[in-house]
Enquirer: 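This structure is in structure tokens; I'll ask about it shortly.
Residue numbers start from 1 in every chain, and the chains themselves are labelled A, B, ... in the order their sequence lines are given, proteins ahead of strands.
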Amino acid sequence: MASERYNPRKVEPNWQKKWNEDNVFVTDNADPRETYYVLEMFPYPSGRIHIGHVRNYAMGDVVARYKRARGYNVLHPMGWDAFGMPAENAAMQNKVHPKDWTYENIATMRNQLKSMGLSLDWTREFATCDVEYYQRQQHLFIDMLEKGLVYRKQSKVNWDPVDMTVLANEQVIEGRGWRSGALVEQRELTQWFFKITDFAQDLLDALDTLDGWPEKVRLMQKNWIGRSEGMMVRWDISDGADKAGDHEELTVYTTRPDTIFGASFMAISADHPLAKEAAKHDEKVAAFCEETRRAGTSLAALETAEKKGVDTGIRVRHPFDENWELPVYVANFVLMDYGTGAIFGCPSGDQRDLDFARKYGLPVTAVVMPKDGDAATFEIGDEAYTDDGVMINSRFLDGMSTDDAFEAIALKLEADVVRGAPRGTRKVNFRLRDWGISRQRYWGCPIPVIHCDDCGVVPVPKSDLPVQLPDDIDFEKPGNPLDRHATWRHVACPQCGKDARRETDTMDTFVDSSWYYTRFTAPHEDAPTDPAIADRWLPVDQYIGGIEHAILHLLYSRFFTRAMKATGHVGHDEPFKGLFTQGMVVHETYRLGGSGTSGRWVSPSEIRIEETDGARKAFLVDTDEEVAIGSIEKMSKSKKNVIDPDDILATYGADTARFFVLSDSPPDRDVVWTEAGVQGTFRFVQRIWRLISEAAPALADIEAKAGGDGKALEISRAAHKTLKAVAADLDGLAFNKAIARIYELVNILAQPLSEVDKADDELKGALKQASLFLTHCFAPMMPHLAEECWQTLGAEGMIAMAAWPKHDEALTADNEVVLPVQVNGKKRAELTVARDADQESIKQAVLELEAVVRALDGKEPRKIIVVPQRIVNVVV
RNA sequence: GCGGACGUGGCGAAACAGGUAGACGCAAGGGACUUAAAAUCCCUCGGCCGAUUGGUCAUGCGGGUUCGAGCCCCGCCGUCCGCACCA
């Protein structure tokens with residue numbers, strides 16, 4: 001009785017329709033069951049989904065469907081990270097309005113996601129470019145402004161000359177804009193900033209509580225926040241005061257006050273006020289400062305830049321010796337925006353300082369030596385000694401440990417009061433800077449403030465929100481169209497009513513994604529959030545996305561949650577309890593041309609692969625020309641190694657695509673997309689359908705239950721073991737392992753199912769239960785096939801709503817175990833014993849084994865180690 | 001330079017807590033069915049020796065701890081990732 005081949009193109013839309021009609025995935029906030037919030041990072045509507053989305057959303061959907069089966073009230077929403085540069089670029093290139101471009105892309109991608117059969121609550125969908133969303137964001141901005149969490153300041157900023165906008169520090173990668181790849185320039189602009197540094201310590205401390213996050217991400221954030229403990233130390237200007245203007249002293253930040261007796265010079269940034277003052281009086285200093293500023297911060301410039309400086313002629317006095325004068329240099333390696341923009345140079349303890357001192361002939365005094373060193377002979381050569389150790393050449397510190405010396409110096413500097421303040425104060429410093437959010441772009445959330453000549457910066461009253469983006473804009477010229485708009489920026493001051501100007505900068509799009517997960521909990525609420533509902537759902541139980549957001553989005557969101565708490569919008573601190581960073585989908589590359597390095601890239605759809613005796617060769621389908629098979633790489637348009645999910649969904653269906661991207665590789669690692677692999681998965685789909693649909697009629701009136709003995713018991717054991725193991729694997733997000741177990745069970749069931757006609761009722765009952773268990777196991781990954789099997793087996797309702805069955809613990813443990821038997825650690829035999837056999841009888845049985853007797857060769861065993869249910873080792 | 005992760009068959013991988021290394025899948029080879037192909041089913045599949053049940057080597061390399069090490073410790077080598085003048 002041959003059944004029809006499983007046809008996903010016919011079956012999948014039916015079930016998607018049914019799920020939709022029955023509102024199976026619509027989540028009720030009032031549902032009293034325990035909540036579970038699973039979320040995948042929402043996509044940017046670039047045009048079409050790519051295979052990476054398929055993997056990301058397949059993982060989230062498995063979790064959502066599994067948790068639903070486990071009885072949770074699951075929230076699994078979807079939305080669109082819809083503001084951003086590409087829409088404006090498209091507008092400029094194709095004369096299409098960013099709004100139209102964005103919403104059309106969303107429509108396309110929504111359909112694509114729907115064809116994947118994701119169990120999403122689409123009633124909560126929104127795009128961040130919806131007025132209804134960004135209006136609430138403006139509301140949050142104003143609340144944060146009032147709380148002092150937003151401020152405006154002039155500062156040196158990263159300017160992307162291609163995108164013509166400012167970038168946050170987090171968005172500059174190796175000196176280049178994260179999106180445009182252009183070398184970033186430094187400019188002085190007035191910008192809006194979020195006070196993320198207010199939370200620096202808390203963001204750091206709370207990392208320890210995030211045990212559902214990958215260690216790697218926590219570490220990256222820790223390094224990014226970059227806490228260091230040191231001291232601010234004031235050095236009096238002793239000479240050259242004519243060049244120092246009003247400055248009486250120079251304050252430096254140091255983490256190594258213990259090395260203060262190794263100081264040999266002071267170095268300040270070219271942007272330091274003292275340097276600017278000195279430049280007024282000294283052309284050489286002025287020229288050097290100019291040159292340093294121009295060299296900029298590009299990666300190449302930094303890497304190769306020699307440590308250079310110029311003597312300002314200014315001298316400072318050592319805090320512990322009034323006869324000790326040190327020169328003040330402007331140096332190209334001192335950053336203005338870390339610490340005070342000034343340092344004291346201790347060449348023996350810092351490689352940079354050492355290079356600098358050697359270059360300018362400054363003294364090098366060793367002040368720390370290794371614990372077992374000899375103070376009489378210890379010297380610094382070409383390498384600084386940066387480790388902890390014992391103090392030398394440091395007067396009252398000599399002989400102390402580095403830590404004790406720090407403490408001793410700190411106490412003295414704190415006690416020494418000069419001009420009404422201590423000479424030195426302890427100071428914790430962070431690498432983290434405030435988050436600059438002003439962007440000179442159109443397609444973003446307008447910053448809701450108004451500039452009035454009389455009243456200054458005035459927030460837009462909440463009753464006047466939203467500040468809506470105008471639709472009539474032109475992209476003929478580069479730069480921000482809002483600046484050029486005829487009327488939009490002209491507005492009355494909300495305070496005095498006089499003519500005033502709107503802020504024309506928009507917010508960084510990372511602001512949009514910093515709270516969308518909160519909005520999903522009450523997407524139609526008038527206020528930005530309903531705090532009670534938000535706190536019920538949040539933090540997100542399982543967040544899934546790419547590692548590329550380890551710092552940017554994830555750190556911003558952690559800040560935003562704290563800021564929303566401070567402004568009363570939520571009651572929790574952390575946005576994401578569990579975080580999972582999934583790997584990419586990668587693919588082989590193909591290239592024409594014999595050398596393999598010069599010809600054009602060829603897409604996988606243009607070639608066919610031939611394989612004989614392990615030798616793989618690729619040929620162009622059209623011309624039979626041989627194509628070089630290249631390395632496996634991240635899918636990219638330029639290398640053409642891209643697989644279009646639409647093609648896969650059309651050819652194999654959603655279940656196959658979902659199952660394949662989850663199988664084989666662990667989810668946090670990259671998975672290689674291969675045509676052969678997908679076909680293998682598709683064959684497996686067919687195999688399951690064939691086995692179940694052909695056996696179903698014989699099982700129709702049979703009660704599903706575990707077998708009591710013989711073959712039936714064996715089947716039941718396998719089914720219950722698999723059910724238990726798959727549950728554990730899904731709990732641990734080990735999708736690849738769950739899939740391996742599903743294959744195993746199918747292999748076990750294949751033969752008996754195909755011979756079900758010969759089975760007695762007991763065996764049939766066991767097979768029916770096993771088939772239902774199997775269906776439960778793969779349902780989270782292949783939901784359409786599961787519904788079809790579920791129905792065919794005559795089960796009630798839809799499996800999407802069915803509870804995960806309970807396994808029988810007794811059936812998951814075998815009565816007999818096979819113990820490997822080692823002699824001196826080498827396996828020589830196996831012994832089958834009752835699971836609860838006692839040690840003595842096992843020892844007895846082992847010594848009677850022929851292989852053991854042979855291996856012992858007449859010798860007396862010294863010891864027999866029996867690890868219950870594991871192994872036996874006979875030691876001679 | 002600093003920090004981190006990883007290294008297992010032809011390939012993707014598995015191995016719970018130190019206890020039979022290679023489950024499961026892909027590829028490959030052989031066979032059955034078929035006029036043929038597809039589909040399906042069966043067998044083989046880390047190396048070497050031998051006869052299928054045996055022996056031996058084997059988890060990047062070299063040591064160590066242990067009755068027993070892919071897993072723990074020390075030292076190398078390699079690959080990948082993050083940060084990068086942070087005082």
Enquirer: Which nucleotide in the set B/A87, B/A13, B/G82 lies at the smallest distance from any side-chain heavy atom of A/M220?
Expert: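 Selected nucleotide: B/G82.
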Enquirer: Counting only N and O atoms by type, is there a donor-acceptor contact under 3.5 Å from the side chain of A/Q221 to the main-chain atoms of A/A550?
Expert: yes
Enquirer: Just name whichever nucleotide pairs with B/A5, Watson-Crick or G-U, keeping both distances under 3.5 Å, else none.
Expert: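 Its partner is B/U79 (Watson-Crick or G-U wobble, both distances under 3.5 Å).
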Enquirer: Using a heavy-atom cut-off of 4.0 Å across all strands, would you classify A/R227 as base, sugar-phosphate, or nothing?
Expert: nothing
Enquirer: Determine whether a donor-acceptor pair (one donor, one acceptor, N or O, separation below 3.5 Å) exists between the side chain of A/R433 and the base of B/C86.
Expert: yes
Enquirer: Using a cut-off of 4.0 Å on non-hydrogen atoms, how would the nucleic acid contact of A/S663 be classed: base, sugar-phosphate, or nothing?
Expert: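 Here A/S663 touches no strand at all.
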Enquirer: Can A/E714 and A/R717 be counted as an ion pair, charged N to O under 4.0 angstrom?
Expert: no
Enquirer: For a quick check of understanding: with a heavy-atom distance under 4.0 Å over all strands, which category does A/Q351 fall into, base, sugar-phosphate or nothing?
Expert: nothing
Enquirer: Pick base, sugar-phosphate or nothing for A/Y253, based on heavy-atom distances below 4.0 Å to the nucleic acid.
Expert: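 Base: the residue A/Y253, judged by heavy atoms under 4.0 Å, touches a nucleobase.
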Enquirer: Between C1' on B/C83 and CD1 on A/I547, what's the gap in Å once rounded to a whole number?
Expert: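 Taking atom C1' of B/C83 as the reference, CD1 of A/I547 is at 13 Å.
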Enquirer: Please output the side-chain donor-acceptor pairs of residues 258-268 of chain A that fall under 3.5 Å, not counting sequence neighbours, one pair per line with the distance.
Expert:
from	atom 1	to	atom 2	distance (Å)
A/D258	OD1	A/R256	NE	3.3
A/D258	OD2	A/R256	NE	3.1
A/D258	OD2	A/R256	NH2	3.1
A/T259	OG1	A/R256	O	2.8
A/S264	OG	A/P363	O	3.1

Enquirer: Look at all strands and tell whether A/D353 reaches a base, only sugar-phosphate, or nothing, counting heavy atoms closer than 4.0 Å.
Expert: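 Touches nothing.
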Enquirer: Would you tabulate the nitrogen or oxygen pairs shorter than 3.5 Å linking the protein to nucleotides 65-69 of chain B?
Expert:
from	atom 1	to	atom 2	distance (Å)
B/C67	O2'	A/N873	ND2	3.1
B/C67	O2	A/N873	ND2	2.6

Enquirer: Check the orientation of A/H553 and A/H549. Use parallel for under 30°, tilted for 30 to 60°, and perpendicular for over 60°.
Expert: perpendicular
Enquirer: Any base atoms under 4.0 Å from A/R687, or only sugar-phosphate, or nothing? Heavy atoms, all strands.
Expert: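 Sugar-phosphate contact only - A/R687 comes under 4.0 Å of backbone atoms but never of a base.
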Enquirer: Would you please classify the geometry between the A/Y338 ring and the A/Y253 ring as parallel, tilted or perpendicular, with 30° and 60° separating the classes?
Expert: perpendicular
Enquirer: Using the side-chain hydrogen bond (donor to acceptor under 3.5 Å, both in side chains) rule, collect all pairs that involve residues 742-755 of chain A, keeping only residues at least two apart or in two chains.
Expert: A/R687-A/N747, A/Q751-A/E755
Enquirer: Between A/Y360 and A/G309 (side chain of the first, backbone of the second, donor and acceptor by atom type, cut-off under 3.5 Å), is there such a pair?
Expert: yes
Enquirer: Across all strands, who's sitting opposite B/U65 as a Watson-Crick or G-U wobble pair, both distances under 3.5 Å?
Expert: none
Enquirer: Using whole Å, report how far CD1 of A/I739 lies from C1' of B/G12.
Expert: 13 Å
Enquirer: Which is true for A/N429 with a 4.0 Å heavy-atom rule: it touches a base, it touches only sugar-phosphate, or it touches nothing?
Expert: nothing
Enquirer: Hey, is B/G7 sitting syn or anti, using the within-90° cutoff around 0?
Expert: anti
